[in-house]
Amino acid sequence: MEETISLQDLFKTMKKRMSLIISLTIIAVTLSGLVSFLFLTPIYQASTQILINQEKADVTAFNSQDIQTNLQLINTYNVIIKSPVILSKVIEQLDLETTPTALNSKITVNNEQDSQVVNISVQDPNPSVAVDIANTTASVFQNEIVKLMKVDNVSLLTPAILAENPAPVKPDPILNMAIAAVIGLMLGVGIAFLLDYLDTTVKSEQDIEELLNLPILGLISSISDKDIMDSKVQVTPRRKR
């Protein structure tokens, strides 16, 4: 016979295991908060912007065709910015104890659609180091692109600035705790249904009706030892003097 579970049975199982579900959710949120605040290293981000335009000597001849040409060059520039040619000079100027490959993983280069503004973002555990890397990368690229591409069409638009009280971009403890709460809740519900499925013991008359598919005609109440002793005292006859 195919066994079906009603929505009422689901809520009954969750209600019966509610303490387990709540406990696992609280444990997951607590662990996530501890890891986020105590064990994960805060990462700070600094960004600088450069402008890709035409050669400075031809400012008077600036037209829409030049803009289209510059937009086509941006993808090439994005690759050059993160190339070892640029990053090696950045490491040398800042005297960083890292490699171009490791530094590459900290730098993100992107630009808005149909925009000549390129954003150079750097993430580092030290906010001042992130600012220095971002500004130095933009400066080195501006100087080296003249030698590499034989053009002078890059200018610094917005340098990175160290804020008074920089806030880390990651980890986000609130987001991590919210995700942990969802995971803990799902885990608690899953374990609750698993325990209920594996529990084959008979605890009530309703379990007997569901198991045997027969109605209950009567119940035998349990009798404690105290009730037995009291009944014996009541039925004992008094002796005649």
Side-chain angles (χ1 to χ4, degrees), residues 36 39-176 179:
S36 299
F39 295 99
L40 296 182
T41 303
I43 302 297
Y44 299 86
Q45 179 172 297
S47 300
T48 184
Q49 293 180 324
I50 58 176
L51 178 64
I52 309 298
N53 50 35
Q54 66 173 16
E55 295 187 27
K56 296 180 180 179
D58 299 328
V59 174
T60 56
F62 190 71
N63 54 44
S64 59
Q65 185 176 359
D66 295 324
I67 296 177
Q68 186 63 32
T69 302
N70 290 330
L71 291 176
Q72 294 175 356
L73 286 174
I74 286 179
N75 290 333
T76 302
Y77 286 172
N78 291 350
V79 176
I80 296 176
I81 290 174
K82 301 184 65 176
S83 67
V85 176
I86 304 298
L87 300 184
S88 297
K89 292 185 179 296
V90 173
I91 294 174
E92 181 180 356
Q93 290 189 16
L94 296 178
D95 194 21
L96 299 175
E97 296 181 357
T98 186
T99 63
T101 302
L103 184 58
N104 190 339
S105 63
K106 296 183 178 182
I107 300 177
T108 303
V109 181
N110 56 64
N111 64 290
E112 299 294 336
Q113 186 177 5
D114 297 333
S115 172
Q116 296 175 251
V117 177
V118 177
N119 300 314
I120 302 176
S121 300
V122 179
Q123 294 186 353
D124 192 88
N126 190 326
S128 61
V129 172
V131 171
D132 292 338
I133 293 176
N135 289 332
T136 304
T137 302
S139 176
V140 170
F141 173 72
Q142 185 179 10
N143 295 330
E144 293 298 318
I145 198 64
V146 179
K147 303 175 185 178
L148 296 174
M149 301 286 291
K150 306 301 180 183
V151 291
D152 186 11
N153 63 345
V154 177
S155 58
L156 182 61
L157 184 63
T158 306
I161 300 176
L162 180 61
E164 295 183 0
N165 297 311
V169 293
K170 60 183 181 181
D172 187 348
I174 303 300
L175 178 60
N176 292 345
I179 295 175

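Keep in mind the model is a prediction, meaning the values are calculated, not measured.
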Considering non-hydrogen atoms only, spot the tightest contact between Pro166 and Ala163 and give its length.
CD-O, 3.4 Å
So how far is it from Leu157 CG to Gln49 CD, rounded to the nearest 0.5 Å?
5.5 Å
Closest contact, heavy atoms only, Pro127 versus Tyr44:
CD-CD1, 3.7 Å
Pairing donors with acceptors under 3.5 angstrom, does anything connect the side chains of Asn111 and Tyr77?
no
Over 12 foreign heavy atoms within 6.0 Å of CD, Glu92
no
Mind checking whether Leu87 and Pro84 have side chains closer than 4.5 Å, heavy atoms only?
no
Option from Leu94, Val90, Asn126, Leu162 for which side chain to side chain contact (heavy atoms under 4.5 Å, CB included) with Asp132 holds:
Leu94
Would you name the heavy atoms of Lys82 and Val109 that are closest together and state the gap between them?
CG-CG2, 3.7 Å
Below 4.5 Å, heavy atoms only, C-beta onward: do Val140 and Gln93 meet side chain to side chain?
yes
Given the options Asn143, Thr137, Thr136, Ser139 meets side chain to side chain contact (heavy atoms under 4.5 Å, CB included) only with Asn143
Got a second to check how far Ser47's OG is from Ile120's CD1, nearest 0.5 Å?
9.5 Å
Write out all pairs satisfying salt bridge (Lys or Arg N to Asp or Glu O under 4.0 Å) with one or both partners inside residues 122-131, taking only residues at least two apart or from two chains.
Lys106-Asp124
Find out whether Leu103 and Ile133 are in side-chain contact, i.e. whether some heavy atom of one side chain is under 4.5 Å from a heavy atom of the other.
yes
Tightest non-hydrogen contact, residues Asn78 and Val118, listed as OD1-CG1, 3.7 Å
From Gln142 atom CD to Leu156 atom CG, the distance as rounded to the nearest 0.5 Å
6.5 Å
For the CZ atom of Phe141 and the CG atom of Leu148, what is their distance to the nearest 0.5 Å?
8.5 Å
Got Val154 and Leu51 here, is their nearest side-chain heavy-atom distance under 4.5 Å?
no
I need the minimum non-hydrogen distance between Pro171 and Asn176, along with the two atoms involved.
CB-ND2, 3.8 Å
Is there a donor-acceptor pair closer than 3.5 Å between any side-chain N or O of Thr48 and the backbone N or O of Asn135?
no
Can you find a heavy atom in the side chain of Ile86 that is under 4.5 Å from one in the side chain of Ser83?
yes
Roughly how far, to the nearest 0.5 Å, is the CG atom of Asn119 from the CD1 atom of Ile50?
9.0 Å
Inter-residue atom distance Lys170.NZ - Gln123.CD, 0.5 Å rounding
4.5 Å
Salt-bridged, Glu144 to Lys147, with N to O below 4.0 Å?
yes
